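Below is one structure, written out as structure tokens, with a few remarks after it.
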Amino acid sequence: MAVDRDRVRTPRTVSNDFAAGLRGWLDAGRSLLTGLGITGRTAARTPVTVRYPAEKIRVSPRWRGALRLRGLLGHDEIPLISAEPPGYNAVIDDLYRGERLPPCVGNCPANVDARGQAFLIADDRIPEAYELVRSRNILPGVLGRICHHPCETACRRNYYDEPVAIRPLHRFAYEEYRKVAEERLTPLPVTREQTVAIVGSGPSGLAAAYDLMTLGYAVTMFEREPQPGGALNTGVPTYRLPRDVLYNEVNDLVALGLDLRLSTEVGKDVPLSVLMRDYDAVLLAVGLQESRILPIPGHDADGVVGALELLWAANHRGEAGLRGKRVLVIGGGNVAVDAARCALRMGAADVSLACLEGEDEMPCHPWEIEEALDEGVTALCSLGPKEVLTEGGHVTAMRMQSCTRVFDETGRFAPEFADEFTDVPADVIVFAIGQAAKLDDLLGGTELLVSGRGQLVADGTDFTTSVAGVFACGEVVTGPGSAIVSIATGHEAATSIHRFLEGRPTDDEHRVRRPVPVYARYAKADVAGVERTRLRAVMPMAKPEDRARDFRPVELGLTHLEAMAEASRCLRCQSEVCVGCTFCARTCPDYALQVERVDDPGIRCLTRYDLDLTKCCFCGLCAEQCPTNALTHTGQYELSFYHRDLMTFDKGEMLRDGGGTRATGRDGVLPPSCPTRPHRGGEDR
Amino acid sequence: MRIEELREHLCSVYPDLCPLFSVEFGDGTLTVPADRLFSAAQDMRDLGFDLLGMLTAVDRGETFELVYRVRSREMSAAIFLKTEVPRDEPRIPSLVPLWPAADWQEREVYDMFGIVFEGHPDLRRILLPDDWEGYPLRKDYADERIIRRPDYI
Amino acid sequence: MTGQAEACGVDAHLLQTGDELVVNIGPSHPSTHGVCRVIVHLDGEIVTHAEPVIGHLHRGIEKMAENRTYLQVVPLTDRLDYVGSMYANWAYCRAVERLAGIRVPERAEYIRVVMCELQRIASHMMSIGSTGADTGATSAFIYAFNQREQVVDLFEAVCGARLTYNYVRPGGVSFDLPDGWIEQCRAFTRSHPSAMVEIDKLLFGNVIARQRLKGIGVLPAEEAIARGVTGPAARGSGVDWDLRRDDSYSVYPRVDFEIPLGENGDAYDRGRVRLWECVESCRIIDQALAQIEEGPIKAEGLPRLLAPRPGEAYDHIESARGSLGVYLVSDGSVRPYRMHVRSPAFQNLSVLGYLAEGHTLSDLVVILGSLDPVFGEVDR
Amino acid sequence: MALVDDLGRALERTPGGGIILTSLDAVMDWSRGHSLWSMPMGTACCAMELIAASFARFDFDRHGTIPRADPRHADVMVVAGTITRKMAPAVKRLYEQMPDPKWVIAMGNCAVSGGIFYYDTYSVVRGVDEFLPVDVYIAGCPPRPESLQDAVLRLREKIRAESIAPGRSRPAKLVLPSPTDPRAGGVATADDGSGEG
Amino acid sequence: MSLLWGLLWGLAAVMLIAGGAIIGVWWERKVAGRVQMRYGPQQIGPAGSLQMIADVPKLLFKEDIVPEGADEPLFRYAPLAVFAPAAMSLAVVPFAAGWAPFDSTVGALFFLAVPSISVIGILLSAWASHNTFAALGGLRAAAQMVSYEVPRSLSVLSVIVLAGTLRPTDVMAAWEWWWIPLTFVGFLVFLISSIAEMNRGPFDIPEAESELVAGYFADYSGIRWAVFMMGEYGALIATSLFGAAFFFGGHRLLPGVGGIVAMVVVACAIITVVMWVKWTFPRLRADQLMAFCWKVLTPVALVQLLVAGVVAAWL
């Protein structure tokens with residue numbers, strides 16, 4: 001222990017005095033001499049003074065000097081995040097390391113630049129916004145409707161009031177882009193002679209195709225179904241995704257130069273070995289085709305259907321023989337909820353959904369199950385399927401066992417059942433507990449390794465398979481997941497193919513991986529009493545009762561003005577440009593900041609940003625609350641003025657260069673941790 | 001005296017006032033009507049609560065709520081004594097005879113709220129100039145010199 | 001200073017009452033540690049009656065707190081006890097955390113303890129220094145102040161301010177320790193005890209200072225308890241009462257330290273108690289820095305506008321002057337309904353009249369200094 | 001100051017006096033600037049920085065500025081800290097007791113405008129310039145000791161514009177000569193520095 | 001002729017003290033700085049030596065405030081009453097062999113008696129400035145006056161007993177080497193009591209900085225306050241020169257012209273020690289000073305006188 005070493009021990013009691021008599025007097029004399037000795041020794045040492053005008057103390061990087069704005073709306077440009085496909089990860093990584101990556105961009109699996117899109121839409125440059133989004137998320141219109149929007153969960157406005165509606169903005173951009181699509185779609189030049197074949201036109205294949213086309217390769221795509229889109233075409237119900245949106249966006253790609261061959265099944269019409277010979281690289285983006293059925297007694301009775309087959313029927317034929325029947329859907333994921341809602345729309349008398357998990361831990365998205373419950377689906381939770389009860393080959397009921405716990409303490413899937421059973425009467429049982437890939441005819445005649453359970457063996461990070469030149473991406477590698485995750489794997493696979501075709505190893509130290517962002521969990525800001533302009537644009541929804549009757553779309557889009565207003569709500573996080581969100585003025589204890597901005601859509605600028613330095617108490621709360629890092633404390637401390645009115649700084653002066661006004665303090669004082677930023681209290685940048 | 005015995009003693013002596021007392025935190029609250037304040041304080045003093053920690057008042061609209069915090073060192077327990085005083089004539093017996101520590105704190109409460117402590121040796125304003133009219137910490141204190149910070153949250 | 005008396009509103013008749021001379025140690029005086037006016041009735045050089053008049057720095061912080069959100073009150077508490085603003089921050093934040101039921105992460109508690117022990121050293125340096133200045137040894141004040149400058153540098157490196165830190169927040173602390181800070185702090189705690197021994201020799205060991213300080217302003221133990229005196233002023237009289245050990249909060253149970261006590265309760269004992277408390281604080285800091293480990297520094301998921309449940313909470317800590325308590329009443333809105341600060345300096349100053357009888361004028365100044373009042377906290 | 005004032009006026013009237021007066025002014029301003037004895041009117045937190053400014057680490061004595069507690073011996077009153085309405089008459093009285101060529105530095109936001117105590121208080125004077133003529137304002141809460149020394153240097157520049165003869169001050173550049181002067185942004189300053197008396 | 005010579009010498013003494021005060025104040029601020037780990041004045045002249053050049057004209061042109069209710073003439077001329085004794089006591093200091101500006105037979109007695117007049121000056125200024133604090137300071141000075149005069153005289157007496165005469169030049173002539181160790185304790189007593197007499201160092205009770213703010217010269221501003229300062233530094237110079245002469249042999253240390261230089265050097269050393277003592281120790285209370293003088297300094301001085309007497313008798 002550091003202190004024990006030195007010889008300073010605290011005395012039991014502090015009151016001591018000179019001894020009485022002569023010894024006391026001698027000690028007193030000696031104390032005078034020791035006093036003189038101490039001052040004498042100190043006089044010999046060099047003084048500790050900092051000779052002010054010549055030498056100045058280097059203030060600490062966190063010194064809270066006068067405030068300064070780094071950038072101002074309308075005065076500085078918002079940096080857009082875009083780069084050539086292989087280099088995009090590098091751009092995202094150094095933004096993240098320099099703490100300049102906005103949370104929405106960071107949390108999106110494909111790192112779509114939502115901040116750039118909001119800026120462009122607010123600036124009324126909507127086609128550019130669409131193209132900016134399309135460079136990373138290949139189907140903006142489609143995902144504008146079905147994405148599970150992780151960007152909105154990470155949006156910093158959750159902390160202040162309500163998150164920015166980023167997904168509806170994608171959808172709005174798609175609708176605006178349609179008007180100007182023709183003249184903007186010019187085929188991408190083919191600059192390299194190597195060719196790439198892509199099997200399957202799902203989102204991952206399309207993303208890879210787009211990347212490779214921008215790099216100059218000639219890409220041919222083979223699709224088994226008569227219409228493109230893969231799982232989006234067959235799996236997603238039409239009330240959530242009208243098919244024309246999907247086909248328009250795929251045709252955009254064809255217009256850009258993609259050679260798309262529909263209803264040609266690789267493995268049947270064209271053997272895979274031929275493809276591997278003719279093309280320099282092959283990408284298997286086939287997704288998952290068949291839904292898994294639990295091998296429980298009675299599973300082969302008629303009336304038992306797989307979820308994918310039901311959804312295919314609903315999407316294409318609009319009729320699956322469920323009129324007036326009681327339908328029971330087994331499973332708790334998004335596919336199960338889609339199946340249940342489709343059954344409802346196909347005239348099923350009563351639809352119920354049974355899943356292992358409890359009320360609040362269902363794997364599907366909360367807003368999905370809410371909409372389903374509104375439309376009349378009944379959810380039976382914590383029930384595990386045991387046996388199908390049949391009567392003469394027809395399904396009459398399903399015996400379910402109540403489940404007490406789904407995951408054991410280490411989080412692995414090990415459900416525990418209590419021994420009480422309930423019989424749920426049902427005419428049709430739909431299994432939506434997972435999908436699997438049907439690869440036997442595709443891989444016939446090639447040495448591609450297949451795992452025991454029939455899954456393709458592929459590297460999860462490089463998306464290479466056992467055979468050189470053959471790559472795989474999408475749900476066939478990652479298993480069932482969301483569309484945006486497949487698109488992200490598409491981009492990674494395209495990078496691997498590009499490196500393979502250029503002869504470089506697919507994985508070396510130059511390859512930059514996407515950073516795994518960590519964001520503070522925001523407490524829900526209670527929005528009571530918050531003025532209307534700060535709140536989120538309300539997405540108009542059709543009424544629940546007439547929604548359930550047919551397949552017309554559920555969510556209706558935003559109008560032009562609504563979208564621009566919503567886009568201007570974006571705080572432009574980490575862009576070091578003040579957008580006048582006024583949260584610094586609200587949190588200042590002395591009301592020293594007055595921030596006013598003009599808010600009508602399109603023309604959005606900061607009319608007033610006054611700092612009254614006479615009232616500011618240099619407490620640093622404003623700089624911490626600033627979401628965009630625009631407001632910072634400089635190192636300026638020499639703040640003497642002759643007139644009191646010189647001490648109020650207006651918008652122009654706030655932009656002054658913070659560095660060297662006579663103070664040694666450097667600018668670049670990073671407000672330590674805006675409560676919504678990752679906890680790595682940044683050192684001086 | 002152990003804390004448990006203290007709890008029984010309190011419940012037995014003041015059954016009607018239902019004192020709530022948490023043993024684990026070692027502090028409790030005793031709400032006493034104004035007239036029984038001095039006797040309750042005297043009991044506390046005899047029980048061994050020799051430190052008067054805090055003495056303050058809160059403006060509860062039509063009444064002032066006086067909060068005393070007495071602390072005993074051996075038992076390391078603390079009791080909040082609370083009383084209500086009507087707003088129109090706020091009079092309460094002073095506790096200076098029991099704890100001299102209350103002297104200046106009562107003068108401060110008189111200065112800020114206008115609550116008169118009977119029996120206080122020298123009840124004058126302590127923080128504000130002597131010629132100050134009005135009692136600032138009352139919620140209805142009107143003073144044209146105050147500029148209110150705009151309600152901008 | 002002729003017009004001193006009129007300046008402060010003492011009317012003329014009070015000046016010459018009989019043979020007693022009324023002297024006004026005015027609100028601005030080198031040795032009143034700020035703005036305190038003492039009306040002294042002198043019989044020759046001997047003080048017959050001394051009455052401190054305070055309120056010259058009364059800014060109505062408790063009234064202001066009723067119109068600020070819970071986070072905006074923290075910069076206000078900096079200005080309460082400006083020599084030790086880390087305490088006021090911590091006491092207020094503890095009251096808010098107890099009111100709103102916020103759990104503070106481990107690392108934040110350790111950082112708070114280290115910061116407050118450093119603040120105790122800085123505050124005691126100011127107090128020991130001003131004892132030296134009152135008795136005339138300005139060099140001792142400057143030596144003590146140099147130690148305080150080193151502590152202030154440590155604070156500036158962590159939270160960016162020299163005096164008003166606004167560092168402790170409800171739910172944790174606002175910044176994490178910069179890298180390299182812990183070594184700098186360890187170097188200080190190693191060199192500080194020997195500097196304390198040197199100041200002890202220079203100031204308290206000196207025969208002239210002992211004559212000036214011993215036997216001055218004797219405060220008996222039971223009188224100290226009765227009058228609510230806490231902190232080093234009480235420990236000088238032998239009252240063995242320290243909240244860090246007796247009411248053991250935060251991570252103090254995990255560090256061991258001694259409580260220096262005086263015997264005869266005079267200005268000398270109060271001064272030396274403060275001096276040896278600084279050495280003990282160094283030990284606490286070393287042990288805390290040894291036990292600290294990585295982790296979050298702020299409670300997760302705190303809303304921007306804290307609105308705790310209606311109710312009340314009182315919490316206190318051991319500041320450099322005594323038990324500093326904050327009593328918060330909340331009505332469920334984002335602003336506290338009532339905030340009261342139980343100020344130890346206010347309580348300790350109330351014994352000045354009692355102590356000063358029978359001493360000379362120069363001793364009155366020394367007694368005032370030994371009670372170590374800071375008038376931001378006295379007048380609030 | 002009567003003796004000095006009529007010396008100044010006499011010099012102004014005599015034909016050749018102007019030259020002597022300017023040189024005498026130069027000497028006097030130099031000497032007053034370099035030996036500004038400060039009267040530390042420290043009330044609150046800024047008093048801590050005021051003390052720190054005159055101690056070992058930021059030595060004020062180097063600029064010839066000694067803290068003199070007695071108003072009679074001081075030239076510049078440094079008002080450091082919040083001035084409440086109970087304290088104001090004492091500050092006013094002490095200012096009047098200071099001998100004549102005297103200046104005031106308002107140190108810290110509380111002295112400049114009440115700072116953090118501007119809103120919601122009933123007892124704070126919102127700025128010392130309500131009852132004292134202030135020469136230099138220092139922003140900061142509390143300002144660093146170097147800011148106080150910078151203010152003393154600023155005051156020296158202002159004194160260089162003054163003269164013994166009343167009402168005859170040379171125009172001084174009152175806008176701060178700092179490299180990136182907060183006011184540099186093309187905004188017309190309050191006055192062009194003609195400097196009244 | 002002696003009147004002209006007196007006027008001339010008076011002017012010379014005032015100039016010497018003014019120059020000494022300027023250097024003294026600068027040296028005091030430097031010593032204080034170094035003791036307190038800082039630099040002291042630095043900006044004017046090499047190492048700030050010309051700092052007083054900036055202070056003096058400022059003080060000259062300061063407003064000369066006479067507080068209302070003050071006794072006008074008394075107030076104006078009290079500082080002179082403090083300054084004059086210092087100048088006069090300089091007259092009897094034996095600078096060269098057999099030469100002192102005013103070589104009277106009772107020079108030593110004159111040197112011991114004259115400085116105590118300055119206490120009257122202090123009382124005058126305290127009474128005239130109609131200020132409670134000044135009055136307290138003045139009364140304190142008067143109360144403690146006698147207590148330090150007695151040991152001061154006794155300590156010088158021991159040297160006179162050895163020399164056998166009161167005339168400073170003869171004392172210098174009779175001075176022997178071994179007197180230094182013999183009368184060293186006497187020198188210490190002399191030094192301590194003259195510090196008390198000059199109201200400096202641990203005994204600056206009349207103008208206690210932290211209690212009475214500025215004691216008796218609280219209400220003097222500008223040049224009148226400077227005259228008080230010159231009085232104080234004048235006394236300091238005179239006492240250290242006298243101490244160097246009587247207790248360290250003054251010009252007898254080195255033959256010829258070197259003697260004066262040696263004397264001045266020893267005087268500067270004494271001044272530095274006095275300043276060092278001022279910035280190290282806290283301040284005594286008035287009654288503690290009197291107790292210290294009567295109970296400690298006077299017995300020690302008597303013992304020293306006894307020793308000196310025995311040695312003188314044995315010689």
Side-chain angles (χ1 to χ4, degrees), chain D residues 1-5 7-8 23-37 39-40 52-76 93-94 96-103 145 149 152-153 156 159 162-166, chain E residues 25-26 28-45 47-48 50-68 70 75 129 131 133-134 137 207-226 228-229:
Chain D
M1 269 304 267
L3 156 78
V4 174
D5 288 353
L7 168 71
S23 51
L24 196 59
D25 276 351
V27 167
M28 275 321 298
D29 296 341
W30 172 78
S31 106
R32 281 181 184 152
H34 283 278
S35 88
L36 278 167
W37 291 355
M39 154 80 188
S54 49
F55 275 176
R57 190 164 177 213
F58 310 93
D59 189 3
F60 237 19
D61 198 0
R62 279 183 36 259
H63 304 295
T65 311
I66 322 171
R68 296 290 304 173
D70 182 349
R72 290 285 195 254
H73 310 156
D75 306 326
V76 60
R93 171 68 63 174
L94 285 177
E96 277 147 14
Q97 285 175 355
M98 286 165 67
D100 206 14
K102 53 192 174 187
W103 299 271
Q149 291 172 347
V152 166
L153 302 180
R156 253 187 219 165
I159 291 173
E162 291 176 3
S163 152
I164 309 172
Chain E
V25 168
W26 165 69
E28 168 112 47
R29 281 167 75 175
K30 271 299 181 186
V31 165
R34 274 296 189 226
V35 159
Q36 294 165 357
M37 292 198 228
R38 52 188 177 87
Y39 283 111
Q42 248 186 346
Q43 285 199 336
I44 305 167
L50 307 180
Q51 177 62 38
M52 281 310 279
I53 305 297
D55 291 348
V56 169
K58 181 207 78 171
L59 289 174
L60 268 175
F61 277 78
K62 264 305 217 199
E63 176 192 359
D64 185 3
I65 293 179
V66 177
E68 37 88 21
F75 182 83
S129 55
N131 173 348
F133 283 133
E207 38 104 3
E209 178 71 18
S210 60
E211 295 128 23
L212 311 175
V213 178
Y216 52 90
F217 51 83
D219 269 313
Y220 286 85
S221 64
I223 198 60
R224 291 191 196 292
W225 175 77
F228 272 109
M229 279 299 115

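Proteins get letters first, then strands, A, B, ... in listed order; numbering begins at 1 in each. Everything numeric in this text was worked out from a predicted model, so none of it was measured.
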For this session: May I ask you to name which of D:Asp75, D:Val27, D:Thr65, D:Ile66 has the most heavy-atom pairs under 4.5 Å with chain E?
Result: D:Asp75
Problem set entry | Region of D:Phe60 in contact with chain E, defined by heavy-atom distances below 4.5 Å | neither
Problem set entry | E:Gln43 versus chain D, the contacting section by heavy-atom distance below 4.5 Å | both
For this session: Answer whether the closest heavy-atom distance between the side chains of E:Gln51 and D:Arg62 falls below 4.5 Å.
Result: no
Exercise. Most heavy-atom pairs under 4.5 angstrom with chain E, which of D:Arg57, D:Lys102, D:Arg156?
Worked result: D:Arg156
For this session: Determine yes or no for a side-chain-to-main-chain donor-acceptor pair under 3.5 angstrom, with E:Tyr220 supplying the side chain and E:Phe75 the backbone.
Result: yes
Problem set entry | Part of E:Phe217 within contact of chain D (heavy atom distance under 4.5 Å) | both
Exercise. Is a donor on one side and an acceptor on the other found under 3.5 Å between the side chain of D:Asp59 and the backbone of E:Gly40?
Worked result: yes
Exercise. Counting heavy-atom pairs under 4.5 Å to chain D, which of E:Ile53, E:Val56, E:Ile65, E:Leu59 comes out on top?
Worked result: E:Ile65
Exercise. Any sub-3.5 Å donor-acceptor pair from E:Ser221's side-chain atoms to E:Glu63's backbone N or O?
Worked result: yes
For this session: In plain terms, say whether E:Asp64 and E:Arg224 are close enough for a salt bridge, that is, a side-chain N and a carboxylate O under 4.0 Å apart.
Result: yes
Problem set entry | Selection from D:His34, D:His73, D:His63 maximising heavy-atom pairs under 4.5 Å formed with chain E | D:His73
Problem set entry | Which atoms of D:Arg68 approach chain E - backbone, side chain, both or neither, heavy atom under 4.5 Å | side chain
Exercise. Any cation-pi pair here, E:Lys62 with E:Trp225, using under 6.0 Å and within 45°?
Worked result: no
